[in-house]
Protein chains: 2
Amino acid sequence: MEAKRATIKDVAEAAGVGVATVSRVLSGGSASPRTRERVLAVAAQLDYRPSALGRNLRQRRTGGIGLLVPDLTDTFFGQLAEGVLACARSAGEPVVLGSTGDDPEREAELVGMLLEQSVDRVIAVPSGGADTWTPVTRAGMTVVFAARLPAEPAADDDHGVTADLMLLDGVAPPSAGRAADVSAVSAVPAVLADDGAGVRTAVRYLRGLGHRRIAFLGGPGHDRRVAAFREAVGPPVDEELVVFATGSRDSAYAAASGLFQSRPDLTAVLAAGNVLGEAAVLAARELDLRVPRDVSLVMYDDVPWAELCSPPLTVIAQPGRDIGYRAAELVLRGGRRTRSVVLPTELIVRGSCGPRRQPY
Amino acid sequence: MEAKRATIKDVAEAAGVGVATVSRVLSGGSASPRTRERVLAVAAQLDYRPSALGRNLRQRRTGGIGLLVPDLTDTFFGQLAEGVLACARSAGEPVVLGSTGDDPEREAELVGMLLEQSVDRVIAVPSGGADTWTPVTRAGMTVVFAARLPAEPAADDDHGVTADLMLLDGVAPPSAGRAADVSAVSAVPAVLADDGAGVRTAVRYLRGLGHRRIAFLGGPGHDRRVAAFREAVGPPVDEELVVFATGSRDSAYAAASGLFQSRPDLTAVLAAGNVLGEAAVLAARELDLRVPRDVSLVMYDDVPWAELCSPPLTVIAQPGRDIGYRAAELVLRGGRRTRSVVLPTELIVRGSCGPRRQPY
DNA sequence: CGCTTCCATGGAATCGATTCCATCATGCTT
DNA sequence: AAGCATGATGGAATCGATTCCATGGAAGCG
């Protein structure tokens, strides 16, 4: 009843050949048509499937790619994961999944788990910084970052931020002070959305509508977006209008609500992720602010429900699925010397932005 | 530079002991405090991590649990996956993910992949029927179904449906005709939401508001929900008001739009999943039907954006995360003789349902 | 006809862990 | 003091595949 799976030895015996021959036949090596046929027949009859364990152990090459995302409840990461899965499936590779919750510690723990599983190719939406990821790449793992880059160590001035932006555009950052670690990580290929352009376009759009006091509502991993925002609106940047939440929905709501209450003079908000956008809509409604009459809203991520809101949300769309798919392609190609990929974003204008209401 | 990982042999040599001793120390066997200390020190210094490959091969027991969901883009499955991941993480087990797209063929292919990986514990939101899953359980895999049961073969009358409903309520179905296959699959433990109660409550609620022509908008895997719906509204059941879409968003939209257009006399819709609810809102808006004035809407799944719609959507909430977590617990316990779990649903009344407008 | 070449083939080593079993030292009992 | 029990320890087998290498037979060529 408990039929244990057939091994290569069983097949060899049943076919009256040696295990080496079976292995050769199944992996396309040379064999006489006669034996090949017989081996294939026996293998089919026994429903033989080679064990990935044995193969991987011998070849010291692991199958499988690891996927680390912050939160699968966030539709964007769901899209990204679907992209990775699609590519992996067509390559016949299994995907080992981990959810980091935007917690660098959990991320490191999950990386360790992948290492134990001998998964040596990873696609990560990183939460930790270079201190997490440099050792990983040095340990021989093939890493591809998706949608984000690891946070850089806090910069004294905003020079670091500038360097980050330049990196985004494909230009190598000037070899600055703390080059050692950063360079190891920035050599890692990445698949990113063009956050610079996305944010710039959105800010320009809001400006065109007359908005001057535009707030930024960010979360973990939105460093590049806030940097682009600062560049686009300033200087001077009204720092009170730049607020950050942690990953949770509660925190996002608190941040949004706090923002609206502490600065009733703001007229537009750029939410750097769909969870934040959701929170902004909720908070605005709670405070009886009408969108877009009282406050205009642009949200990152073109999630399906953006269209369902009333008014439908104007969004910065980034191709989540494509990001995942391309990242999987890169990690499967595995070349160290693969260049990063930046995919375009698109501002999709719906109904959540209006002209600035004149103060009276 | 390409430091390959340390093996148990390296540790043994460095510590001046045999490999058996190292293994014993690391897996809690007996060893003298003196050597234990030395081995641990060396292991730490070499950053040694036992390879799961070697261990699993030897023990013929695989680590890891497989997770098969239809679509990670659907927030509900994202929640479910997060639940599974949370439980797996606390047990230190890796999770291998597959997305079936509600395609039984793809599902079967993914199961084969898991088999090759020697993953013998699976949590599945099944797309295929008993013909897919019976062989799997017979092959010795520990399977737990989540959120759904495999479709039963089409019944001649609605007797099969009734049996299914009774199973849902924890009562064994009467040993009917085609018992062989079905029983093998229905012996598989499952973690389900109480769809019967959820749908019943929703229908009763709509009836209480005066609605008589209530439509059901379903998708793949909603057999139990439609059965409960039929039972709750009928007989007689107006079959034109029961429509099904395939998994895609386009198909859902087409089904919803077709429904509204072909039967303008309907006054309420029960959408059996959040993607379908989304489609219903969209289609209604496109056809200038006001919710809830012209048509009332109840949606399955309390996704975060349900509150963002205007009006906010009345939903049947099912605890996606809990379903995943409990399913993971069951599959880890691994007992054949585990009973299924049915978790409660809750009708959350918001603003998408109103009294039936009197025809004039 | 004899030699070389080439191909099919099977035995055995290997990957990294666990675990059975034999060995040896130590301490305790009678 | 001798024998026995106990516990620490290392060697070797094992898991299921791949792959190196040796062997043997057939075919080709001078």
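This is a predicted model, so every value here is computed, not measured. Chain letters run A, B, ... following the sequence lines, proteins first, then strands; residues in each count from 1.
Annotation: salt bridge (charged side-chain N to carboxylate O under 4.0 Å, His left out) contacts involving residues 8-26 of chain A, sequence neighbours excluded, are absent. For residues 34-43 of chain B, the side-chain hydrogen bond (donor to acceptor under 3.5 Å, both in side chains) pairs, not counting sequence neighbours, are B:Ser32-B:Thr35. The list of salt bridge (charged side-chain N to carboxylate O under 4.0 Å, His left out) pairs with a residue in residues 62-72 of chain A, not counting sequence neighbours, is empty.
Remark: A:Asp322 engages no residue in a salt bridge (charged side-chain N to carboxylate O under 4.0 Å, His left out) (not counting sequence neighbours). Looking at residues two or more places apart in sequence or on another chain, you find no side chain to side chain donor-acceptor pair (under 3.5 Å) involving B:Ser90. For A:Arg106, there are no salt bridge (charged side-chain N to carboxylate O under 4.0 Å, His left out) partners at least two apart in sequence or on another chain. Residues passing the salt bridge (charged side-chain N to carboxylate O under 4.0 Å, His left out) test with B:Arg326 are B:Glu329, sequence neighbours excluded.
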Which atom pairs, donor and acceptor, lie under 3.5 Å between side-chain atoms of residues 79-88 of chain B and protein residues at least two apart or in another chain?
from, atom 1, to, atom 2, distance (Å)
B:Glu82, OE1, A:Ser99, OG, 3.2
B:Glu82, OE2, A:Leu72, N, 2.8
B:Glu82, OE2, A:Ser99, OG, 2.8

Interface polar pairs with nucleotides 25-28 of chain D, N/O, under 3.5 angstrom:
none

Distances under 3.5 Å between nitrogen or oxygen atoms of protein and nucleotides 17-24 of chain C:
from, atom 1, to, atom 2, distance (Å)
C:dA17, OP1, B:Tyr48, OH, 3.1
C:dA17, OP1, B:Ser51, N, 2.5
C:dA17, OP2, B:Ile8, N, 2.4
C:dA17, O5', B:Tyr48, OH, 3.3
C:dT18, OP1, B:Arg55, NE, 3.4
C:dT18, OP2, B:Ser23, OG, 2.8
C:dT18, O2, B:Arg58, NH1, 2.4

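Residue B:Glu13 contributes atom CD, which lies 14 Å from atom C1' of C:dG16 at whole-angstrom precision.
For the helix from C:dC1-D:dG30 to C:dT30-D:dA1, the axis fitted to the five pairs at one end and the axis fitted to the five pairs at the other end meet at an angle of 50° (nearest 10 degrees).
Looking at every heavy atom in both residues, B:Met113 comes nearest to A:Pro94 through SD-CB, 3.5 Å.
The stretch residues 30-39 of chain A touches DNA chain C through A:Ser30, A:Ala31, A:Ser32, A:Thr35, each having a heavy atom within less than 4.0 Å of the strand.
Base contact: B:Leu57 has a heavy atom under 4.0 Å from a base atom.
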Inset, instruction - Apply salt bridge (Lys or Arg N to Asp or Glu O under 4.0 Å) to the pair B:Asp102 and B:Arg148, showing each step before the final yes or no. - result: CA-CA 12 Å; B:Asp102 263 316; B:Arg148 287 186 195 170; 3.1 Å; yes
